[in-house]
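Below: the structure, in structure tokens.
As the structure is a computational prediction, the values presented were derived from the model and not from experiment. Counting begins at 1 with the first residue of the sequence.
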Amino acid sequence: MNEFPYNYVLLSAVVSWCAAQIIKTIIHAIQYRTFNPERLFGSGGMPSSHSALVCAATVSCCRQEGLESAVTAVMFLMALVVMYDAMGVRRAAGLHARELNRLNKIIMEKNSVSEKTKQLKEYIGHTPFEVLGGAVLGIIISLFMPMTI
């Protein structure tokens, strides 16, 4: 029987994502004094799990394939796009959702509407600090993960 294949790049990325989600959930629980299971899988918050994942994959590719490899270059570019998007478009969408939710609440109160409308998701983007936190987490995890077993 063949041994289970060990994919260092994939495993370091997945472990980084999981670690970021767990840390994010703990920080949210401490900050708001309540457990929110959505934080285990949801986007937004500190640290960025997307940044952790792509930075771990990039560093793992670099360690495994070398700095000059095309795979490392593609992963580096992908990491930049993901982190830029998290701080730009996705953050702006979250801020828009927050404002729309606020306006919807005002309209409903003014018109005495009793039925609830679905709230837009506000936690979808990241501040630069949250992206940096995820990036550092992913880099550290990928550096400490063994390349082989």
Side-chain angles (χ1 to χ4, degrees), residues 1-106 116-149:
M1 185 166 164
N2 292 339
E3 289 184 30
F4 184 78
Y6 179 78
N7 188 319
Y8 163 65
V9 175
L10 180 62
L11 192 57
S12 67
V14 170
V15 167
S16 296
W17 182 86
C18 290
Q21 290 299 119
I22 291 168
I23 292 168
K24 181 186 305 189
T25 303
I26 292 168
I27 289 172
H28 186 272
I30 291 169
Q31 189 175 19
Y32 295 100
R33 300 193 192 302
T34 182
F35 173 72
N36 182 355
E38 187 274 335
R39 295 284 70 212
L40 282 171
F41 301 101
S43 57
M46 173 66 171
S48 166
S49 55
H50 292 88
S51 298
L53 183 139
V54 294
C55 286
T58 301
V59 171
S60 298
C61 284
C62 184
R63 288 183 71 198
Q64 189 168 337
E65 304 295 327
L67 189 57
E68 71 287 346
S69 80
V71 173
T72 300
V74 170
M75 280 306 307
F76 177 76
L77 295 173
M78 189 174 103
L80 290 179
V81 169
V82 167
M83 292 186 293
Y84 178 81
D85 182 61
M87 290 185 293
V89 175
R90 288 179 51 230
R91 177 151 170 76
L95 295 173
H96 288 133
R98 182 178 299 145
E99 190 63 21
L100 288 170
N101 287 338
R102 188 184 70 77
L103 290 172
N104 189 39
K105 183 178 177 184
I106 291 169
K116 294 276 185 181
T117 60
K118 185 176 179 181
Q119 293 283 301
L120 298 172
K121 187 172 178 188
E122 297 176 11
Y123 288 112
I124 57 174
H126 294 284
T127 65
F129 184 67
E130 292 168 344
V131 169
L132 178 63
V136 169
L137 178 65
I139 291 168
I140 290 170
I141 288 174
S142 66
L143 290 174
F144 284 94
M145 291 268 311
M147 291 179 66
T148 60
I149 352 185

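Within 6.0 Å of OH in Y6 there are more than 12 heavy atoms belonging to other residues, nucleotides or ligands.
When side chains are defined from C-beta on, M83 counts as touching C55, because their heavy atoms get closer than 4.5 Å. Inter-residue side-chain proximity for L40 and F35 is flagged as met; some heavy-atom pair is nearer than 4.5 Å. Proximity of L67 to C62: side-chain heavy atoms (C-beta onward) are separated by under 4.5 Å at one or more points. L77 has its side chain out of reach of V81: every pair of non-hydrogen atoms, C-beta onward, lies at least 4.5 Å apart.
Atom CD1 of I139 is separated from atom OG of S60 by 10.5 Å, given to the nearest 0.5 angstrom. Of the inter-residue distances, the one linking Q64 atom CD with T72 atom OG1 reads 9.0 Å to the nearest 0.5 angstrom. Separation of atoms CE (M147) and OG (S12) is listed at 9.5 Å; rounding is to 0.5 Å. Rounded to the nearest 0.5 Å, atoms OG1 (T58) and CE (M75) are 4.0 Å apart. Atom OG of S51 is separated from atom CE of M87 by 7.5 Å, given to the nearest 0.5 angstrom. Note: L132 CG to M46 CE = 7.5 Å, rounded to the nearest 0.5 Å.
Residues N36 and T25 share a closest heavy-atom pair of O-CG2, 4.3 Å. When all heavy atoms are compared, the tightest approach of H126 to E130 is CA-OE1, 3.1 Å. For the pair V9 and C61, the tightest heavy-atom approach, listed with the atom from each and the gap, is CG1-SG, 3.8 Å. Listed here is the closest heavy atom pair of I23 and P47: CG2-CD, 3.6 Å.
A side-chain contact (heavy atoms from CB on, under 4.5 Å) with I30 is found for one member of T34, I26, I27 and no other, namely I26.
A side-chain donor-acceptor contact under 3.5 Å links Q21 to the backbone of G42. In this structure, Y8 contributes its side chain and S142 its backbone to a donor-acceptor pair below 3.5 Å.
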